[in-house]
Undergrad: 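Take this structure, written in structure tokens, and hold onto it; I'll ask about it next.
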Amino acid sequence: MDKKKEILNPAGIPEKFLKPYDPKDTEDRIYGLWEKSGYFNPDNCVENGKTDKDAKPFTIIMPPTNANGSLHAGHGLVMTIEDIMTRFNRMRGRRTLWLPGLDHAGFETWVVYEKKLEKEGRSRFDIERKQLYQEIMDFTLTNSSNIKSQIRKMGASCDWSREKFTLDPEIVKTVYGTFQKLSDDGLLYRGKRLVSWCPKHQTSFADIEIKDEERTEPYYYIKYGPFTISTSRPETKFGDKYVVMHPEDKRYLDFKDGQKIDLEWINGPITATVIKDSVIDMEFGTGVMTITPWHDAVDFDIAERHHLDKEQIIDERGKLLPIAGEFAGMHITKARPLIIEKLRSKGLIEKVEEKYTHVVHTCYKCGTIIEPQIQSQWFVKMKPLAEKALKKINGGEVEYIPEHYKKITTHWLENLIDWNISRQIVWGIPIPAKICDACDTGYVDLENKITKCEKCKGDVRQDNDTFDTWFSSGQWPYATLGYPDGKDFKTFYPTNVMETAGDIFHWVARMIMLSLYRTNVLPFKTVYMHGMVLDGKGQKMSKSKGNVINPLDLTAKYGTDAFRIGLVIGNTPGTSLALSEDKISTYKKFANKLWNITRFVLESTSEEKLKISNNKSEIDDLKADDLVAADVTHLKTLTDLMKEITGEMEEYKFYLVADKLYHYAWHEFADKILEESKKVFSEGDEKSKRSRAMFLQYALRTILKSLHPFMPYVTEEIWQLMNSGYTKGASTLLMVEKWPNSSR
RNA sequence: GCGCGGUUAGCUCAGUUGGUAGAGCAUCCCCUUGACGUGGGGAGGGUCAGGGGUUCGAAUCCCUUACCGCGCACCA
């Protein structure tokens with residue numbers, strides 16, 4: 001040991017402090033310590049007296065993470081914010097449960113697995129359903145350990161003993177119960193309705209799985225008897241036998257509703273019927289359009305209103321049906337130019353606008369144009385569910401952070417259409433229903449005992465579809481807690497906070513609707529929405545741009561604590577955040593600063609030098625009476641700060657709290673108080689020295705406690721070293737220490 | 001078209017109920033002070049997007065314009 005070190009370390013403080021803080025050497029060991037303690041589980045906290053028996057519960061249900069996924073920056077933020085909430089409330093003495101969960105992520109996983117099959121030269125159509133399901137289950141369960149270890153790496157103090165998976169039997173049972181109840185209450189129906197269909201993936205979609213894309217294509221004006229219609233999709237027009245115009249359009253007053261008109265069409269003469277409907281925009285195009293109810297939402301609505309025939313033109317794979325005559329069997333993309341050629345040769349093309357820009361719906365995975373199709377699927381009537389939810393939300397019973405998400409949510413709820421919950425993929429929760437293909441009737445059949453169709457007495461078959469992922473994840477808060485009889489449901493429901501990404505606010509709305517429907521109670525009091533995590537330049541991360549930041553690279557480089565607090569400071573709820581490495585690097589320095597602050601405090605307040613008591617309770621119950629005037633002032637500043645930040649923690653203003661603690665620790669405590677202390681310890685009288693030593697110990701402990709939710713690893717490591725290596729007293733976990741007293 | 005945000009220092013963003021504009025990073029200058037150079041001290045830099053209004057007083061409240069982002073619907 002060189003001379004400098006000798007001077008610095010006269011009291012034999014833990015060796016570790018002689019080197020900079022090393023997250024790599026710390027984090028896994030500390031996480032192991034926490035897990036071993038069992039205190040992630042609130043029951044153990046109560047049992048060991050860390051939490052009072054009658055303490056109020058505090059519950060967060062983790063949004064189920066894709067079991068096949070890898071931790072991305074957004075997850076990093078989720079885990080950080082929810083862990084902050086959890087640790088804060090645990091330290092405040094609440095019976096705190098953070099319940100982790102994994103999502104089978106129906107379609108997401110399906111796409112991944114289908115690609116894997118493709119690589120192996122296999123096709124899902126050659127594999128028996130049960131086997132395929134089992135293969136994907138094995139694949140998912142094998143992969144899930146990956147994401148779980150990544151969640152641990154983030155320091156998440158969730159209760160792994162209560163971990164749930166969306167395909168767990170008890171979750172499925174709850175979901176089935178809801179399906180049955182919806183049916184019993186007349187809120188479920190099997191209907192032939194328009195669904196968004198991906199011809200490549202062979203399934204219907206939720207809105208969120210559809211990506212809007214702007215395309216520039218030719219736009220055709222085509223003669224349709226006495227009219228001219230316009231379209232960008234001539235290949236859908238074969239069956240168009242209704243021509244629609246606004247009832248008040250002066251140009252077409254001569255044509256009467258229901259009037260028949262003979263005209264020459266693509267494949268020969270047809271008879272068209274005039275329909276008057278005010279949905280038509282007189283300003284658009286020629287003010288006349290023909291309709292394709294089977295493949296278009298507006299057209300479908302018109303057909304429903306006027307009880308018109310609906311005919312399928314394009315099959316589920318995107319090929320033309322026999323109605324297309326000579327074009328039957330062709331894929332629509334191949335058929336389009338040929339159809340145009342034919343129309344042109346018949347003199348039916350009036351003009352072509354070459355560059356027409358419009359938005360088309362595409363599959364968010366494969367980019368294939370979504371082909372609406374009429375299908376028999378299960379639908380949930382949303383209006384009654386939405387109304388109940390709206391009443392609660394508008395009545396102020398759900399707190400939204402930030403508040404404007406409330407408006408976005410209510411706007412969405414007010415415009416809901418019936419929800420298609422059937423998906424045509426194997427990977428998911430099978431729909432417990434029987435289908436009669438002969439008369440197209442569906443029966444909810446949880447007990448698997450229906451064998452004959454009540455209507456036509458024909459045979460029924462098992463519904464091969466699975467539930468939309470959102471239908472099951474929409475029941476997450478009560479399903480995970482064991483509704484209706486589970487002990488946890490009774491203790492921890494309703495939960496306190498739902499923390500999730502702002503762009504899936506509709507998931508939150510669905511949880512509110514379904515929870516109200518089944519439990520009659522709002523599933524949570526507060527909705528906390530975080531924004532998107534962008535790259536350092538503020539751009540959306542995407543694989544194609546190559547700007548994806550892997551959070552684990554950053555935690556490896558700067559430590560998890562630096563990553564966590566860097567993600568929190570300056571990040572107000574709902575606002576997107578540019579993740580810059582500079583910022584994370586700053587907080588790595590901060591972790592080290594805390595390390596050195598501790599080193600100084602331990603060194604300068606060592607027993608040998610100053611003869612202060614190291615009795616833990618004497619430090620923690622520090623009174624102003626024990627201190628000299630200067631320290632009384634410092635104590636008051638610190639106490640006021642604790643009071644302030646405790647309030648802000650309760651208001652979920654973590655970005656403020658973290659920033660204030662950073663400033664206090666560095667620029668007040670270290671830069672001012674510690675500097676001033678050097679003089680006190682070298683020149684002051686015994687009373688001042690003792691007072692200062694006690695205050696420094698107290699302040700350090702307070703800083704560590706209050707920073708613990710944000711930077712759990714370094715604070716816990718310091719705490720352990722202080723308690724076991726230097727000061728006396730039982731070694732306890734900072735994780736279950738009491739939050740600093742703010743009521744002095 | 002309807003709805004929701006945003007526009008503050010070079011960059012990223014704070015700014016709680018209206019009371020003389022803040023932080024981090026970056027820039028510049030100084031300091032080998034015995035916890036830490038992953039350090040310390042200091043400096044420069046903003047007519048708070050434009051316009052109007054309410055007020056003794058507006059970054060903050062109201063109206064309006066422009067631009068950026070997002071959601072919903074539509075796109076025949």
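Every chain is numbered from 1, with letters handed out A, B, ... down the list of sequences.
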Undergrad: Nearest-Å distance, CG (A/Leu594) to C1' (B/rC36)?
TA: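 To the nearest whole Å, that distance equals 11 Å.
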Undergrad: Please list each protein N or O that sits under 3.5 Å from an N or O in nucleotides 42-44 of chain B, with the distance.
TA:
none

Undergrad: Does any nucleotide pair with B/rC11 by Watson-Crick or G-U wobble geometry, both distances under 3.5 Å, and what is it?
TA: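 By the stated definition (distances under 3.5 Å), B/rG24 pairs with B/rC11.
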Undergrad: Which side-chain N or O atoms in residues 583-591 of chain A pair as donor and acceptor under 3.5 Å with protein atoms at least two apart or in another chain?
TA:
residue	atom	partner	partner atom	Å
A/Lys583	NZ	A/Gly566	O	3.3
A/Lys583	NZ	A/Ile569	O	2.8
A/Thr586	OG1	A/Asp582	O	3.0

Undergrad: NA contact type, A/Ala670, heavy-atom cut-off 4.0 Å: base, sugar-phosphate, or nothing?
TA: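 Contact class for A/Ala670: base.
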Undergrad: Can you measure A/Lys593 atom NZ to B/rG24 atom P for me and round it to whole angstrom units?
TA: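 Value for this atom pair: 13 Å.
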Undergrad: Just how far, in rounded Å, is C1' of B/rG5 from OH of A/Tyr400?
TA: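 Spelled out: OH on A/Tyr400 to C1' on B/rG5 is 16 Å.
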Undergrad: Taking any heavy-atom pair under 4.0 Å as a contact, classify A/Thr586: base, sugar-phosphate, or nothing.
TA: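 It contacts sugar-phosphate atoms only.
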Undergrad: With no hydrogens and no angle check, is any side-chain donor or acceptor of A/Asn394 less than 3.5 Å from a backbone partner on A/Leu390?
TA: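 Yes: the side chain of A/Asn394 pairs with the backbone of A/Leu390.
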Undergrad: Would you say the ring centroid of A/Tyr400 lies under 6.0 angstrom from that of A/Phe505?
TA: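 Between A/Phe505 and A/Tyr400, which both carry aromatic rings, the centre distance is not below 6.0 Å.
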Undergrad: Would you say the ring centroid of A/Trp197 lies under 6.0 angstrom from that of A/Phe205?
TA: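 No.
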Undergrad: Is there a Watson-Crick or G-U wobble partner for B/rU55 with both distances under 3.5 Å, and which nucleotide is it?
TA: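 For B/rU55, the partner nucleotide comes out as none, under the 3.5 Å rule.
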Undergrad: How would you label the contact of A/Ser232 with the nucleic acid (heavy atoms, under 4.0 Å): base, sugar-phosphate, or nothing?
TA: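 A/Ser232: backbone/sugar contact only, no base atoms under 4.0 Å.
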Undergrad: Would you give a per-nucleotide map of nucleotides 12-17 of chain B, 5' to 3', where B means the base has a protein non-hydrogen atom under 4.0 Å away, S means only the sugar-phosphate does, and - means neither?
TA: SSSSS-
Undergrad: Go through B/rA35, B/rC4, B/rG24 for me and flag the one nearest to the A/Lys407 side chain.
TA: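 Looking only at side-chain atoms, A/Lys407 lies closest to B/rC4.
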Undergrad: Roughly how many Å is it from CG in A/Leu18 to P in B/rC36, rounded to a whole number?
TA: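 Whole-Å distance recorded here is 10 Å.
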Undergrad: If only atom types and distance count, is the side chain of A/Arg564 paired as donor or acceptor with the main-chain N or O of A/Gly76 below 3.5 Å?
TA: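 Flag not set: sc A/Arg564 to bb A/Gly76 has no pair under 3.5 Å.
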Undergrad: For A/Arg193, which residues count as a side-chain hydrogen bond (donor to acceptor under 3.5 Å, both in side chains) partner, sequence neighbours excluded?
TA: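 A/Arg193 satisfies side-chain hydrogen bond (donor to acceptor under 3.5 Å, both in side chains) with no other residue.
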Undergrad: Does any N or O in the side chain of A/Arg305 come within less than 3.5 Å of the main-chain N or O of A/Phe300, such that one atom is a donor and the other an acceptor?
TA: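 It does not hold such a pair.
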Undergrad: Only counting residues at least two apart or in another chain, list the ones meeting salt bridge (Lys or Arg N to Asp or Glu O under 4.0 Å) with A/Asp631.
TA: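 Partners of A/Asp631 under the salt bridge (Lys or Arg N to Asp or Glu O under 4.0 Å) test: A/Arg692.
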Undergrad: In this structure, how many angstroms lie between the C1' atom of B/rU38 and the CH2 atom of A/Trp595, rounded?
TA: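 For the pair A/Trp595 CH2 and B/rU38 C1', the rounded distance is 14 Å.
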Undergrad: Output a table of nitrogen or oxygen pairs between the protein and nucleotides 70-75 of chain B separated by less than 3.5 Å.
TA:
residue	atom	partner	partner atom	Å
B/rC75	O2'	A/Tyr356	OH	2.9

Undergrad: Is there a Watson-Crick or G-U wobble partner for B/rG1 with both distances under 3.5 Å, and if so, which one is it?
TA: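 Paired with B/rC72.
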Undergrad: For the ring pair A/Trp265 and A/Tyr224, is the centre-to-centre distance below 6.0 Å?
TA: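 Yes, ring centres under 6.0 Å apart.
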Undergrad: Kindly say if A/Trp666 contacts the phosphate of B/rG24, meaning a side-chain N or O under 4.0 Å from OP1 or OP2.
TA: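 No.
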Undergrad: Specify the separation, in whole Å, of atom CG of A/Leu413 and atom P of B/rC2.
TA: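 Interatomic distance, CG of A/Leu413 to P of B/rC2: 21 Å.
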